[in-house]
Every structure is written in structure tokens, then in C-alpha cells.
A.B. asks: 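What follows is a single structure, and I will ask about it in a moment.
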Amino acid sequence: MDFNADYTMTIDGRAITTPGSIEVVNPATGEAFAKAPDCTRELLDQAVASSKAAFKTWRKVPLAERQAMVARAGEVLIANADELSRLFTREQGRPVAMAHTEIMGAGQWLQQVARMEPPVHVSEDSPTQLIETRYVPLGVVCAIAPWNFPVTLSMWKVAPALVAGNTMVLKPSPFTPLCTLKIGELFRDVFPPGVLNIISGGDDLGPWMTAHPGFAKISFTGSTATGKRVMESAAKDLKRVTLELGGNDAAIVLPDVDLDAVAEKIFFGAFFNSAQICVATKRLYVHEDVYDGLRDRLVAIARAVKVGDGADQGTVIGPIQNKRQYDRVMDLLEDARRNNLTLLHGADIPQGGGYFVPITIVDNPPESQRVVREEAFGPILPMMKFAEIDEVIDRANDSDYGLAGAVWSKDVNKAMDIARRIETGTVWINQNLNLRPDTAFAGRKQSGFGVENGTDGLLEFMAPQAVYLARG
Ligand code: NAD
């Protein structure tokens, strides 16, 4: 595959080039390997105008036909998963096999969402009147995606928005634009022109989009800090917003667990994708009776997994995706060192220009430390001891975030009770990172606003319309 190909935006079903470009860096080497279009304001206007024109007809396309096209898009992703996954690794860093899983999963996600339909609520159906609430599409959706799961998180927006009858302008992160641009190319044969426009650009493009009066709704996934800016910008003309933001997820391990059975699951729940997952375990609370046993097992796994270029055979953990994030993670590590925290490192990392950080377990740091309070979004996991359930639940909930959490125990009733008391939108018991298209995903507190996935997520792309019909 020619990674250094000409990448184009998709506007109105056509390939669009731009006068300027942005460089795309391979995080395993720190070197630029391709260029992506840098969308101008004029081209953004064209994209919005094209989606606006397409909305007039797309909303009238029967639901079954829209669903069929979204399902077809899923097939196209699956059919191109091999090629896309190699490009994915090059720009995102994750090992090829796991990149492949993301593309396949995104394809299946499109197919599953394609089976969803909005409900109709009937409040009265009598001889005198019919009152029903149905759901209608909003218009043109502005979709903004991050770099950690660039394909999945974009398709979480594309699938429900288009099934619901909206059209969309989608912008990937400037750090990972290439797969999404390629997908735009592939989908030119799937959707009518203007239904899904895909544009890329630098740091100005997001704010231009959120301020653009042509959008009815913004669906945003990214950091909490940016989410607040998006909401502020959307407030000017009361655009609808869905914000999926950061997390600092706690996992609670009770003393009755089988350590050999859970250690690997807990490890990958924290470190998969170099820990760059909004719902990764980012604070690990372990009962004092099993603390040492779990810590030693996690460190042994960390020493055994290969950290390296995702394109190399056998790599399990790739680099941090970009320099900005690498600097943040290194700063957090440095802060932990300065505060004399005990750092337990995993396998050696490759030397050179790549953005590699050693897998690091922080041994029982005080709660007040930055490494506990902040979302690391990198492979540094604070592991803390606890003795009492009530106390650990308070500690888990003592966060501005409320995205997800996990409980590990053989006692299902006890675990269910703890789950109910955790202030997050998702809680896993004896599993983690499991998300489905038919199940609501919604961050509480500063982890989000609104819902993605499930019927609730579909309805975030629609407005209720109550119809009162007089009879007789
Ligand atoms: P980010 O906020 O820096 O960027 C996300 C997107 O917003 C990018 O496309 C970026 O170009 C764009 N953007 C930046 N500034 C903007 C502005 N002022 N207006 C509009 N758009 C703007 O986030 P990131 O670093 O790409 O992603 C990492 C963060 O995302 C982490 O905090 C992570 O927890 C969070 N995240 C959340 C979820 C979730 O579903 N809750 C999923 C994945 C990632």
C-alpha cells in the first residue's frame, strides 16, 4: 500500500483537494509520512451547503433504504479492513491485528445500527383524537472525532445520524485523518452526494465548525476541556450537542477474586491501546488482602508484553499516538518521580524518535497525587490499597469525571450493590471495555452530556414531534 498517496476530502460525492495540507506523523518513528488536506473556510461552507441540500431529499428516503445504505457501508468497511488496518497502524500506532479488529468492529457496528428504528409513542388513540409523538431528523450534523479510536468513534456518529435521516459533515482529528478520509472515498459509492461529507484540517477547523450556523447539532468526542469549548460555541445559536468526554475510571477489586483469572483482564482493561481509551481503568483500587498478589501479577505481565512499532510482528502495546499527548504523559511521570512515588516499570521501550512510554504501575500513591486525580490517557496506572467498601466507593466517586467503572468479585450480589453506588454512566462487573450499539453510553458529571448508542443515542439525532389529530 502506498501510504504517501493523495488523500482527498469528500464533499458532495467528489474528491476535493486543498491549497494547503497538514502533516501526518507515524507515532512509532516521530516522522511525517503523509499529508492530509487542510480545509479552508470556503470549503467548509461548501461542505455544509452540500449537506444542507442533501438533507432535503435524504430525510424523505424511506427508513428501510437509509438502513440498507448504512448496512452496505458496514460491508464496505469489512471488505477493506486489511488495507485500512495497515494505514491505521501507520497513523495511529496500534498493532495491526488490533487495528483490524477496530475496522471490522466499526463495520459490524454500522450493520447493527442499521437495524435500529425510532419509536412512535401513542398517548391517545380514541374516537375523538389521535395523539402521537414521532421522531424527526434534525438537519446537518457536525461530527468531530478524536485520535484514540478514530474509526469506531466516527462510525458511532455516522450510523445513527444517517439512519435517523440527518446528513453530516465529519472531521477526524488532525493526528489521525487518513483512515477516515479513505473511508470517505470508499463511501462515495454508498451514499448519495452530500449525505456524508468528510473534511480534514488543523486546529482552526473544529472551532470554525462548531460556530457554523449551518449545523443543527454537534456530536463531539474528545477531551473534557475541548468539550466545554464546544458547548460554549454551540450555545450561541442553541445547537444541540452530544459530548462524549474524558474519564478517570476506577476499578474496585474485592478480596475474593481469583487473581490468576482476573490479572490479565485487569491489565488489558487499563493498558490496551497504550491506555488511550476513555473507558480504560485509570485508578485501580485493590483490597489490601490481595493487593500484593495482584500488583506482582500485573508487573509480570507488563514485563512480558512487547512494546514497539505496531507494524512489527509480536507488538502488543504501541506508542502514544502524538507528541502533544506524549509530552503530557511524560510530564505526569516526571511529577510522580519528583514526588518520590514508587514506579514499577514493564518491558523496555524502543529507543529513537517514537513516542514510547514504558508501562508503569504506581505503587499505592496518595489520592492527592496528580497521577491519581488526572486522566493520564497513557500507560501509567495508579494502584491503591483499600480496606472498607464504603470508603473505597467514596474514593472512586471523588472525581469530576463519571464515565465508567468496574467491580471485580465472585460475589455477584455484593458487586451489583457496589455498581449501583458508583456514579458513572457504565459499570462493568468481572469484565471491562465492553460497549454495544444497542446499549446507552453516557458520561456523568464532566465526562459528557447526552448519550451515544442504544435507542437513546439514536434519538439524540432526532427531535420529538407531537402530532394531535382531531377525529369525528
Ligand atoms: P481533543 O479534545 O483534543 O480533540 C478532539 C477533537 O476535537 C479533534 O478532532 C480536535 O481537532 C477537535 N478540536 C480541538 N479543539 C477544538 C475546538 N476548540 N472546537 C472544536 N473542535 C476542536 O481530544 P483528543 O486528545 O483527540 O482525545 C482524547 C480525549 O478524548 C480524552 O480525554 C478521552 O478520554 C476522550 N475520549 C472520550 C471518549 C468518550 O466516548 N467519552 C472516547 C474517546 C476519547
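Whatever order the structure lists them in is the order used to number ligands and atoms, beginning at 1. Heavy atoms only: backbone and side chains are in, while hydrogens, waters and symmetry mates are out.
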A.B. asks: According to the side-chain hydrogen bond (donor to acceptor under 3.5 Å, both in side chains) rule, which pairs have a member within residues 11-40, sequence neighbours left out?
C.D. replies: D12-S50
A.B. asks: Name all residues meeting the side-chain hydrogen bond (donor to acceptor under 3.5 Å, both in side chains) criterion together with E75; count only those two or more places apart in sequence or in a different chain, and write none if there are none.
C.D. replies: R72
A.B. asks: Return the closest protein heavy atom for atom 27 (O) of ligand 1 as residue, atom name and distance.
C.D. replies: P146 CB, 3.5 Å
A.B. asks: Do T226 and ligand 1 have an N or O pair less than 3.5 Å apart?
C.D. replies: yes
A.B. asks: With the threshold set at under 4.0 angstrom, would you say F220 reaches ligand 1 through any of its heavy atoms?
C.D. replies: yes
A.B. asks: Report, in ascending order of atom number, the atoms of ligand 1 lying under 4.0 Å from any heavy atom of E244.
C.D. replies: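 Selected atoms, number and element: 37 (C), 38 (C), 39 (C), 40 (O), 41 (N).
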A.B. asks: Give me the residue, atom name and distance of the protein heavy atom closest to atom 18 (N) of ligand 1.
C.D. replies: P207 CG, 3.6 Å
A.B. asks: Measure the distance from atom 21 (N) of ligand 1 to every protein heavy atom, then report the residue, atom name and distance (to 0.1 Å) of the closest one.
C.D. replies: G206 CA, 3.4 Å
A.B. asks: Check each of R240, E460, E452 against S219 using the side chain to side chain contact (heavy atoms under 4.5 Å, CB included) test, and report the only one that passes.
C.D. replies: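 The passing option is E452.
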A.B. asks: Got the closest protein heavy atom to atom 41 (N) of ligand 1, with its distance?
C.D. replies: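 Result: L245 O, 2.7 Å.
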A.B. asks: Under a 4.0 Å heavy-atom limit, does V279 contact ligand 1 with its side chain, its backbone, both, or neither?
C.D. replies: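 Near ligand 1, V279 shows nothing, with every heavy atom at 4.0 Å or more.
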A.B. asks: What protein heavy atom sits nearest atom 28 (C) of ligand 1, and how far off is it?
C.D. replies: F377 CE2, 3.5 Å
A.B. asks: For ligand 1, which is the ligand I care about here, please tell me if A145 has any N or O atom under 3.5 Å from one of the ligand's N or O atoms.
C.D. replies: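 By distance alone, the answer is yes.
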A.B. asks: Can the positive tip of R94 be found less than 6.0 Å from the middle of the six-membered ring of F149, inside 45° of the ring normal?
C.D. replies: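 Cation-pi check for R94 and F149: passes.
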A.B. asks: Is it the case that ligand 1 has an N or O less than 3.5 angstrom from some N or O of E375?
C.D. replies: yes
A.B. asks: Take R373 and S368, measure what side-chain hydrogen bond (donor to acceptor under 3.5 Å, both in side chains) needs, and give me the verdict at the end.
C.D. replies: CA-CA 7 Å; R373 308 302 310 166; S368 57; over 6 Å; no
A.B. asks: What residue and atom, counting heavy atoms only, is the protein's closest point to atom 42 (C) of ligand 1, and at what distance?
C.D. replies: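 The answer is C278 SG, 3.0 Å.
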A.B. asks: State whether any protein heavy atom lies less than 4.0 Å from atom 4 (O) of ligand 1.
C.D. replies: no
A.B. asks: Does the E91 side chain pair with the main chain of V25, one donor and one acceptor, at a distance under 3.5 Å?
C.D. replies: no
A.B. asks: Between D363 and R295, is the closest basic N to carboxylate O distance under 4.0 Å?
C.D. replies: yes
A.B. asks: Under a 4.0 angstrom heavy-atom cut-off, which atoms of ligand 1 come close to L153?
C.D. replies: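 With L153 as reference, the close atoms of ligand 1 come out as 42 (C), 43 (C).
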A.B. asks: Under a 4.0 angstrom heavy-atom cut-off, which atoms of ligand 1 come close to T221?
C.D. replies: 5 (C), 37 (C), 38 (C), 39 (C), 40 (O), 42 (C), 43 (C)
A.B. asks: Suppose I only count heavy atoms of S173 and a 4.0 Å limit; which atoms of ligand 1 are within that range?
C.D. replies: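 Numbered from 1, ligand 1 contributes 9 (O).
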A.B. asks: Should G222 be counted as touching ligand 1, given the test is an N or O pair under 3.5 Å?
C.D. replies: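 Yes, there is a polar N/O contact under 3.5 Å.
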A.B. asks: Using ring centroids (six-membered ring only for Trp), state whether W156 and F220 fall under 6.0 Å.
C.D. replies: no
A.B. asks: Under 3.5 Å between any N/O of K171 and any N/O of ligand 1: does that happen in this structure?
C.D. replies: yes
A.B. asks: With distance as the sole criterion, is a donor-acceptor pair present between the side chains of R324 and Y326 under 3.5 Å?
C.D. replies: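 On atom types as modelled, these side chains do not qualify, holding no pair under 3.5 Å.
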A.B. asks: Can we say K182 and E83 salt-bridge, meaning some charged N sits less than 4.0 Å from an Asp/Glu carboxylate O?
C.D. replies: no
A.B. asks: Which residue supplies the protein heavy atom nearest to atom 12 (C) of ligand 1, what is that atom called, and how far is it?
C.D. replies: I144 CG2, 3.6 Å
A.B. asks: What I want to find out is whether R338 reaches D335 closely enough, with some N-O distance under 4.0 Å, to be called a salt bridge.
C.D. replies: yes
A.B. asks: If you measure every N or O of S223 against every N or O of ligand 1, does any of those distances drop under 3.5 Å?
C.D. replies: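 The answer is yes, given that S223 and ligand 1 share an N or O pair closer than 3.5 Å.
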A.B. asks: F441 to ligand 1: N or O pair under 3.5 Å?
C.D. replies: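 N/O-N/O distance below 3.5 Å does not exist for this pair.
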A.B. asks: Ring pair (Phe, Tyr, Trp, His ring centres under 6.0 Å) for F268 and F272? Distances and angles first, verdict last.
C.D. replies: CA-CA 5 Å; F268 285 104; F272 176 64; 7.6 Å; no
A.B. asks: Is D45 paired with R41 through a side-chain N to carboxylate O contact shorter than 4.0 Å?
C.D. replies: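 A salt bridge is absent here (no side-chain N lies under 4.0 Å from a carboxylate O).
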A.B. asks: Is any NZ, NE, NH1 or NH2 atom of the basic residue among R370 and D331 found under 4.0 Å from an Asp or Glu carboxylate oxygen of the other?
C.D. replies: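 Salt bridge between R370 and D331, a charged N being under 4.0 Å from a carboxylate O: yes.
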A.B. asks: Please report whether ligand 1 has a polar contact with W147, defined as an N or O pair separated by less than 3.5 Å (distance criterion only).
C.D. replies: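 There is such a contact, yes.
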A.B. asks: Report, in ascending order of atom number, the atoms of ligand 1 lying under 4.0 Å from any heavy atom of L403.
C.D. replies: 41 (N)
A.B. asks: Once the angle between the rings of F271 and F267 is folded into 0 to 90°, is it parallel (under 30°), tilted (30 to 60°) or perpendicular (over 60°)?
C.D. replies: tilted
A.B. asks: Please report which non-hydrogen protein atom sits nearest to atom 44 (C) of ligand 1, along with the residue it belongs to and the distance in Å to one decimal place.
C.D. replies: N148 ND2, 3.4 Å
A.B. asks: Does ligand 1 have an atom that lies less than 4.0 angstrom from a heavy atom of P174?
C.D. replies: yes
